[in-house]
Amino acid sequence: MSLQIYNTLSKKKEVFTPLEEGKVGMYCCGITAYDECHIGHARSAIVFDVIYRYLRYRGFNVTYVKNFTDVDDKIIAKANAEGKDIAEIAERYIKEHNEDMDALGLIRPTVTPRATENIKGMIRMIARLIEAGLAYCVNGDVFYSVDKFNGYGKLSGRTLNDMMAGARIEVDEKKKNPFDFVLWKASKKGEPWWDSPWGRGRPGWHIECSVMSQRYLGETFDIHGGGEDLIFPHHENEIAQAEGATDKPFARYWIHNGFIKISSEKMSKSLGNFYTVKDVLKKYHPEVVRLFILQSHYRSVIDFSDEALRFARGGMERFYSTLKNIEEMKSRNGSFDGLSEKNLSGINEKYLKRIDFLPERFVKAMDDDFNTARAIGYIFDTIRLVNAYISDKEFIPDAESMFVLDSAKRYIREVGKVLGLFLDDPVSYFEQDRRREAGKRDLDRDTIEGLIHARNVARQEKQWEKADSIREELRKKGVVLRDSSQGTIWSVE
RNA sequence: GGCGGCAUAGCCAAGUGGCCAAGGCAGCGGUCUGCAAAACCGUUAUUCCCCGGUUCGAAUCCGGGUGCCGCCUCCA
């Protein structure tokens, strides 16, 4: 079995072979720190977090680099508007970003370099590009000469001629070709600047990623990723810069995640239809967001809505209630020390044999271009199997069956960890869920629990009508009850 | 105008040449339950946007059409 990755560069799935055995270098374009993270950033971050986790699960030693763009037009604009320094603005949004990503349960990348810490490296690369005849300086601005680099367009699958045909880019008199892009910008009044051989200025956007990725991962490295919108021009330009400067291949596998749409429309600031990570996390558990995202393939476009998240929440409930059930049965039914798969009998053996397939099937799905949707389908299969086992007439809660349930739990947790799912304690999961949902509907916990108590008193006295009317009253508020031998549990629909 | 993607049940969504087209949600019938809920069992696409073609065989490959979307400007 081998991992296959869809490579944007070849437009095909390819067997993944790292440059150096057992090691992977991966770079992802991070954020420009000028505003809060939205759900689109979350998708990209979660997708690459899962890729990172999976590569590690498969035994690779991964160096994961994700940058912060901390000098840019939008940051400057915001800094000027607020009368603050760009560093202060960048710092604020980097902090916000880290809070959001931590809340979403992302593993921090190995290195998170910032553009302003790498100005020297950028100047060196630009100088090399000028030497190589691939860039030119006009009045303090330096441009990359796209028609001097003959692989230009190879990532996005277009040629300069194609692009000329419908070009609707503004013509800059200083550029030799309208697609030439800026490597170094002469700074205007009120803008931050650094000294360079071409005068005071600041870097263009694309150069930082070529420089920082190579700094930490080498001139040629394994994986480069980002949102699909970055394919052109950003990643195309990164290739032109890096390969132009070193004459060596740049990233070997290019991975791009699909976009999030809102009601079938592109999510964008200008349409005003975006959701911030913070807003979404107020309403849903972070793993619900993850499940929603990972239930579709990472390259497909997904439609974000409250309804979609509610469906994901329903799925999450199924996972956690089975996990909770397992924990409860185990705590009531003692230990299973000394047991192994070999000394099981009857249905215990039969079910465990089928539950055993999970890790293997999981790897098979994930090896196929990180097919998290299929992998999650397999976890659902396992959940159903566990529930069927517990409901089986022959099921006896003894040491053998506890061993089976514990194995099931371990498998689910093992593969869940790779997806960043099921990491919470089930009791805590439901507690948080109740709190969030009750908050949304403005329900008071004490009132609910008081009514549940009154109903249980009525039930003990077999006053079924009274008990049912209380339940109906709660139901109207969206509260659903579940009676069991352990007591009554409530949740919000 | 150029380049690219997608179209699978009521909804979401896997599947890229061959067992009954995964899985989730919703629905229906049943088991369980005082009644429910949850869970379990059964059931829900003779068919994968349309029309041709290749093949013993296609949702899957090829050609044409229709519809939706993205990129070509900052964008995850």
Side-chain angles (χ1 to χ4, degrees), chain A residues 8 11 13 28-32 34-35 37-48 72-74 153 156-159 161-170 179 205 225-234 236 256-261 264-270 274 291-292 295-297 299-303 305 307-308 310-319 321-322 324-325 361 365 368 371-393 459 462-465 467-468 471-472 475 480-484 488-491 493:
Chain A
T8 309
K11 297 181 179 29
K13 277 186 205 171
C28 278
C29 293
I31 57 151
T32 298
Y34 78 105
D35 207 347
C37 290
H38 54 64
I39 191 70
H41 295 110
R43 182 183 192 188
S44 190
I46 288 170
V47 162
F48 288 101
D72 155 277
D73 288 351
K74 281 175 297 216
S156 54
R158 45 190 113 187
T159 65
N161 283 340
D162 286 343
M163 290 187 273
M164 292 306 181
R168 50 185 179 95
I169 63 165
E170 53 185 289
F179 286 94
W205 173 41
E228 64 176 352
D229 56 323
L230 297 181
I231 296 171
F232 190 88
H234 185 54
E236 197 70 71
H256 293 96
N257 65 276
F259 256 61
I260 284 189
K261 291 189 302 179
S264 306
E265 263 188 324
K266 182 180 167 173
M267 182 171 77
S268 75
K269 297 248 159 131
S270 53
F274 61 94
L291 184 65
F292 160 68
Q295 262 187 306
S296 300
H297 186 88
R299 276 188 281 123
S300 65
V301 176
I302 55 177
D303 216 322
S305 66
E307 197 193 13
R310 295 203 72 78
F311 286 149
R313 173 178 170 256
M316 219 51 221
E317 211 165 297
R318 195 166 153 75
F319 289 120
S321 57
T322 297
K324 181 163 171 268
N325 206 225
R361 297 213 288 177
D368 185 11
N371 196 330
T372 54
R374 210 193 304 156
I376 289 166
Y378 292 149
I379 307 174
F380 273 114
D381 284 340
T382 307
I383 291 289
R384 187 166 12 82
L385 217 49
V386 170
N387 290 332
Y389 172 61
I390 294 170
S391 327
D392 197 297
K393 286 189 182 69
R459 286 176 71 220
K462 298 207 188 303
Q463 294 179 342
W464 306 125
E465 272 184 35
D468 287 351
R471 191 178 52 204
E472 199 41 42
R475 166 136 238 170
V480 185
L481 305 184
R482 200 161 131 198
D483 299 322
S484 79
T488 301
I489 297 164
W490 66 276
S491 59
E493 302 185 289

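Heavy-atom basis, side chains included; hydrogens, waters and symmetry copies ignored. Reminder, nothing fancy here: chain letters follow the sequence lines and each chain counts from 1.
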Pairwise C1' distance for G23(B) and G34(B), with rounding to whole Å: 36 Å
Met163(A) side chain, from C-beta outward: closest of C72(B), A14(B), C41(B): C72(B)
Distance-minimising heavy-atom pair for Gly227(A) and Ser44(A): N-OG, 4.1 Å
Short side-chain to backbone donor-acceptor contact, Thr382(A) and Tyr378(A), under 3.5 Å: yes
Proximity to the side chain of Ser296(A) - top-ranked nucleotide from A22(B), G70(B), A14(B): A14(B)
OP1 or OP2 of A38(B) under 4.0 Å from side-chain N/O of Asn325(A): no
Sugar-phosphate only, base, or nothing, as touched by Arg318(A) at under 4.0 Å among non-hydrogen atoms: sugar-phosphate
Sugar-phosphate only, base, or nothing, as touched by His297(A) at under 4.0 Å among non-hydrogen atoms: sugar-phosphate
salt_bridge(Glu493(A), Arg475(A)) N-O dist < 4.0 Å: yes
Watson-Crick/G-U partner (both atom distances under 3.5 Å) of C25(B): G10(B)
Nucleic acid contacts - residues 40-48 of chain A versus RNA chain B, non-hydrogen atoms under 4.0 Å: Gly40(A), His41(A), Ser44(A)
Side chain to side chain donor-acceptor pair (under 3.5 Å) partners for Thr159(A), two or more places apart: Asp162(A)
Nearest-nucleotide pick for Ala388(A), side chain only, options being C40(B), G34(B), A14(B): C40(B)
Separation of the P atoms in G65(B) and A21(B), to the nearest angstrom: 32 Å
Lys261(A) side chain, from C-beta outward: closest of C69(B), A13(B), G23(B): C69(B)
Pairwise P distance for C28(B) and C20(B), with rounding to whole Å: 30 Å
Euclidean distance, atom CZ of residue Arg374(A) to atom P of A21(B) [Å, nearest integer]: 17 Å
Phe292(A) backbone acceptor or donor facing Ser296(A) side chain under 3.5 Å: no
Thr32(A) side chain, from C-beta outward: closest of C71(B), A76(B), G34(B): A76(B)
Whole-Å gap separating P (A13(B)) and CZ (Phe380(A)): 14 Å
Whole-Å C1' distance, G15(B) and C40(B): 27 Å
Trp464(A), nearest nucleotide to its side chain (from G34(B), G2(B), C71(B)): G34(B)
Distance, P atom - from C61(B) to G17(B), rounded to whole angstrom: 8 Å
Rounded C1' spacing from G30(B) to G70(B) in Å: 48 Å
Side-chain N,O (Arg459(A)) to OP1/OP2 (C35(B)) below 4.0 Å: no
Separation between CD of Glu472(A) and CD of Glu465(A), rounded to the nearest 0.5 Å: 13.0 Å
Counter-base of C40(B), judged by Watson-Crick or G-U geometry with both distances under 3.5 Å: G30(B)
Shortest non-hydrogen contact from Phe232(A) toward Ser156(A): CD1-OG, 3.5 Å
Shortest side-chain distance from Arg158(A), nucleotide among C71(B), G24(B), A76(B): C71(B)
Nearest-Å distance for atom pair CD1/P, residues Ile390(A) and A39(B): 12 Å
Out of G23(B), A36(B), C11(B), whichever nucleotide has its closest atom nearest the side chain of Asp381(A): G23(B)
Whole-Å P distance, G57(B) and G52(B): 16 Å
Value in whole Å for how far the P atom of C40(B) lies from CG of Asn387(A): 4 Å
Sugar-phosphate, base or nothing in reach of Gly226(A), heavy atoms under 4.0 Å: sugar-phosphate
NZ/Lys11(A): more than 12 non-hydrogen atoms of other groups inside 6.0 Å: yes
Atom pair distance, as rounded to whole Å: CZ in Arg482(A) and P in C40(B): 11 Å
Inter-residue atom distance Leu385(A).CG - Ile379(A).CD1, 0.5 Å rounding: 13.5 Å
Which nucleotide in C71(B), C72(B), A37(B) has an atom nearest any side-chain atom of Lys266(A): C71(B)
Residues Lys13(A) and Asp368(A) bridged, charged N to O under 4.0 Å: yes
Side chain Asp229(A) and base G70(B) donor-acceptor under 3.5 Å: no
Rounded distance (Å) that lies between atom C1' of C72(B) and atom NE2 of His234(A): 17 Å
Nucleotide G5(B), atom C1' - distance to NZ of Lys11(A) in whole Å: 11 Å
Pairing nucleotide - U60(B), Watson-Crick or G-U, each distance under 3.5 Å: none
Ring-base stacking, Tyr378(A) with G23(B) (5.5 Å, 30° cut-offs): no
Nearest listed nucleotide, side chain of Phe311(A), among G15(B), C11(B), A76(B): C11(B)
Value rounded to 0.5 Å, distance of SG in Cys29(A) from NE2 in His256(A): 7.5 Å
Polar side-chain contact Asp303(A)-C69(B) base: donor and acceptor under 3.5 Å: no
Whole-angstrom distance between G63(B) and U54(B), as gauged at atom C1': 11 Å
Nucleotide paired to C49(B) in any strand shown, Watson-Crick or G-U, under 3.5 Å: G65(B)
Whichever of Tyr34(A) and Ile383(A) has its nearest RNA chain B nucleotide further upstream toward 5': Ile383(A)
Identified pairing partner of G1(B), criterion: Watson-Crick or G-U wobble below 3.5 Å: C72(B)
Base of C35(B) paired with side chain of Arg471(A) (donor-acceptor, under 3.5 Å): yes
Whole-Å distance separating the CG atom of Leu230(A) from the C1' atom of G70(B): 13 Å
